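All values below were derived from every heavy atom in this structure, side-chain atoms included, with hydrogens, water molecules and symmetry-related copies excluded. Everything numeric here is computed off the predicted structure, so don't read it as measured data.
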Amino acid sequence: MNRVYVCSCFGVTEQQVKQHAENGACTPRQIASASKAGTDCGSCVRSIQAILGRGACPRRALAEQGKPVLAELSPAQGLEEAA
């Protein structure tokens with residue numbers, strides 16, 4: 001098995017980054033939240049950016065079509081708007 005490590009600090013492979021991207025992580029920060037890649041020495045952040053730039057991102061596709069990217073939040077119950 002041929003593994004290409006993107007983040008040697010946490011042992012994150014290119015395939016894992018691609019899988020997180022397919023699951024909706026479209027930025028290096030979202031990849032970091034999912035896998036910790038890029039949160040130690042930071043040398044892999046540019047590689048992560050390159051991988052994300054090559055692949056399809058569901059949220060990016062929605063944004064390019066002018067559709068909402070994030071779910072709308074409803075007001076919290078019991079809170080009133082300030083007048």
Original post:
What are the two closest heavy atoms between Val12 and Val17, and how far apart are they?
Top reply: CG1-CG2, 3.9 Å
Original post:
Ion pair present between Glu14 and Lys18, side-chain N to carboxylate O less than 4.0 angstrom?
Top reply: yes
Original post:
Nearest 0.5 Å, what's the CD1-CD distance between Ile51 and Gln16?
Top reply: 10.5 Å
Original post:
In Å, rounded to the nearest 0.5 Å, how long is the span from CZ of Arg46 to SG of Cys44?
Top reply: 12.0 Å
Listing, residues 32-43 side-chain donor-acceptor contacts under 3.5 Å, not counting sequence neighbours, or none:
{"from": "Ser33", "atom 1": "OG", "to": "Arg29", "atom 2": "O", "distance (Å)": "3.3"}
{"from": "Ser35", "atom 1": "OG", "to": "Ile31", "atom 2": "O", "distance (Å)": "2.9"}
{"from": "Ser35", "atom 1": "OG", "to": "Ala37", "atom 2": "N", "distance (Å)": "3.3"}
{"from": "Thr39", "atom 1": "OG1", "to": "Lys36", "atom 2": "O", "distance (Å)": "2.6"}

Original post:
How far apart are the C-alpha atoms of Thr13 and Val4, what are their side-chain angles, what is the distance that settles it, and do they pass the side chain to side chain contact (heavy atoms under 4.5 Å, CB included) test?
Top reply: CA-CA 5 Å; Thr13 65; Val4 177; over 6 Å; no
Original post:
Do the side chain of Gln19 and the main chain of Gln15 share a donor and acceptor less than 3.5 angstrom apart?
Top reply: no
Subject >> Side-chain heavy-atom pair Pro28, Leu52 within 4.5 angstrom cut-off >> reply: yes
Original post:
Do you reckon Phe10 sits in the same ILVMFWY cluster as Ile48, going by side-chain contacts under 4.5 Å, direct or chained?
Top reply: yes
Subject >> By side chain to side chain donor-acceptor pair (under 3.5 Å) - contacts of Ser8 (at least two apart) >> reply: none
